[in-house]
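The structure appears right after this line, and notes come after that.
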Amino acid sequence: MAAPQAKLDALAARIAGLSFPVAGWLGAARADALDRLAAMGLPGKRDEYWRYTDPAALTGAVPLAAALFDESDEAVAFSGIDRVKLVFVNGVFDTAQSDDPALAGVEIEHLADAGAADIHWAREVYGVLETRGQTPVQRPLATLATAFATGGLLIRATGKAAKPVSLIYLQGSDTSDVILHHCIKVESGAELTLLENGNAAARLTMVMEVEVAAGGRFHHIRAQGRAHQRHAATHVFARLGAKALFKSFTVTANGALTRNDAVIELVGDDAVAHVAGAAVGDGAFHHDDTVFVTHQGLRCESRQVFKKVLKNGATGVFQGKILVKKGAQKTDGYQISQALLLDDDSQFLAKPELEIYADDVKCSHGSTSGAIDDTALFYLRSRGVPEKAAQSLLVLAFLAEAMAEIDDADIAEDIRARLESWLARHEH
Amino acid sequence: MLEIKNLHVKLEEEDKIILKGVNLSIGAGQVHAIMGPNGSGKSTLSYVLAGREGYAVTEGSALLEGTELLEMEPEERAAVGLFLAFQYPVEIPGVGNMTFLRTAVNAQRKARGEDEMSAGDFLKVVRAKAKALQIDAEMMKRPVNVGFSGGEKKRNEILQMAMLEPKMCVLDETDSGLDVDAMKLVADGVNALRGAGRSFLVITHYQRLLDHIAPDVVHIMADGRIVKSGGPELALEVENNGYAGILAEVE
């Protein structure tokens, strides 16, 4: 079915002036993406999965300006963590600011360098997982990133990485419009921790495809930029082999519009996938977590834990689905999405979905929105804890279940401190 | 220590008057008990003293060592030495019991202009006090009161009281939901805290608790007023004759 003309017109305007190199396997993958994109057009607000989030700012021909944000009031995310730093400025890799990418157990290449090779592992990943993730729900912005990414890394873990790989996205101008596409492969038995942080751009469109082979372990912790006016559409596509582990956690403080898609396939048996997020917003803040987990293997476990703290008219969205395919017996699926609304102006819109075709599975989902518990607040105050501190304690307690999804204690503490300082700045 | 004068309280949201002129004077080091039938205003009195929202004081005062409590925020009342042991201790998922206690202790110290307690000192003190109340390390790690039995919750209240070292302790039906052994444990915890500089107001339905925590003065509360005061024998009279007999006698 052809896409409506309006969506195709939007696409034409969006990609006018964009181009990509056609050489090699990468050129072919990009050309394929462009064909697919031409059939879909860009998302519109009438699309089922854009009902709660207007995609206009993400699909417009030019980005809305976003003022550069001074983050010097607190330590930059992960600054206390020993890691290999790889820095992008306006989506362009910055060698001078980056560490030497040599790291035992890990190979790191640039998309542009590897794309012309005849044979490359990323051929089996780049655009491949993204394409799989288009069914049953179309995600044209991901396809856009596959076709037109101006930068990206190909990261392959062949052993246990000696330290985390840390991708830092700096925003260099208030009108920057950045498209990134990374591919990660964690080989059998290997282990990698990937960190991401920064504002990246006035508008960021990005994809990360993650293939975790049998017995591989992948940890992803992301701190999205604190710039109030930034817009971002991110996608994580993951495919897991037998006994593979995938854990992704995102903290989002501020941002005019953030749409984080996570599309995860548990293909092998006994695989484990956890995806979690803690989002805090005050005022002009719209945050959308859209998650699709597909169970195909036997005895796989998935968890979705999303918590949002909203005030002064902030909006939170959660669209989460667990699909259990026929034969995916002994599946253990869990999904929780909760919002703490600190005033009457904020709202939380949730669409939890379960679709199950196997008969011996355990799946649960829950979604709530509520206010701070007055009784608990009084209890804390009656013990001498000042009101604001008591409130922060209760907000952090609310976020605790999501925070518990971060395995590394130092990284978890870094994130917790960021949330705490955000709460301190937004007490009133 | 605590001087309550002509205290009148109504519900904030409706025109229901609950306390109709309570007068109470508790000397330093004394233990007073308030007994009374359901709905007499005993728990309201404890909440009003602690500063819970939803009540409007229309008249009267409550002075703690000469300082007016009723105009303070709940946390300020705690810092000047008031402590309320809740009838229904609140469960707070996500906040560790130990974190909660340390936050409270240090917040009060800060409010009084004292140095915060070091993590090491705090641990030492809390372990000793928890042990006396048979609260194990596992309970200290768990979220505040989550999954605690009725007895564990009440012991946890007493542990907080022991750590915060208040001057004026109000115990709101601390005996409710406790079996005999648990009550003894809680009473021992309270008795260990008795001393010249600390006073207690024990609110209870039953004389039972007062076997373990011997009061100096017993008050009977009915319909928002203290209608009779006396020695420990008054509690026995309640036990033997019920409230009806005493109230009839007062009228």
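All values below were derived from every heavy atom in this structure, side-chain atoms included, with hydrogens, water molecules and symmetry-related copies excluded. Order of the sequence lines fixes the chain letters, A, B, ..., with proteins taken first and strands second; residue numbering starts at 1 for each chain.
Contact of A:Glu387 with chain B is made through backbone and side chain together, with heavy-atom distances under 4.5 Å. In this structure, chain A has no heavy atom under 4.5 Å from any part of B:Val105. Of the two parts of B:Phe100, only the side chain, counted from C-beta on, holds a non-hydrogen atom closer than 4.5 Å to a non-hydrogen atom of chain A. Neither the backbone nor the side chain of B:Ala111 comes within less than 4.5 Å of any heavy atom in chain A.
For the pair B:Glu68 and B:Ser61, the tightest heavy-atom approach, listed with the atom from each and the gap, is OE1-CB, 2.9 Å.
With contacts defined as side-chain heavy-atom distances shorter than 4.5 Å, the pair B:Ile213/B:Phe200 does not qualify.
Considering only heavy-atom pairs separated by less than 4.5 Å from chain B, the leading option among A:Ala400, A:Ala389, A:Ala404, A:Ala397 is A:Ala397. Options A:Asp373, A:Val385, A:Asp374 differ in how many heavy-atom pairs under 4.5 Å they form with chain B, and the most are formed by A:Val385.
Of the charged side-chain nitrogens involved, none lies within less than 4.0 Å of a carboxylate oxygen, so that B:Lys153 and B:Glu157 do not count as a salt-bridged pair. Salt bridge annotation for A:Asp73-A:Arg425: present, with a cationic side-chain nitrogen under 4.0 angstrom from a carboxylate oxygen.
The backbone N or O of B:Leu70 lies less than 3.5 Å from a partner atom in the side chain of B:Arg77, making a donor-acceptor pair.
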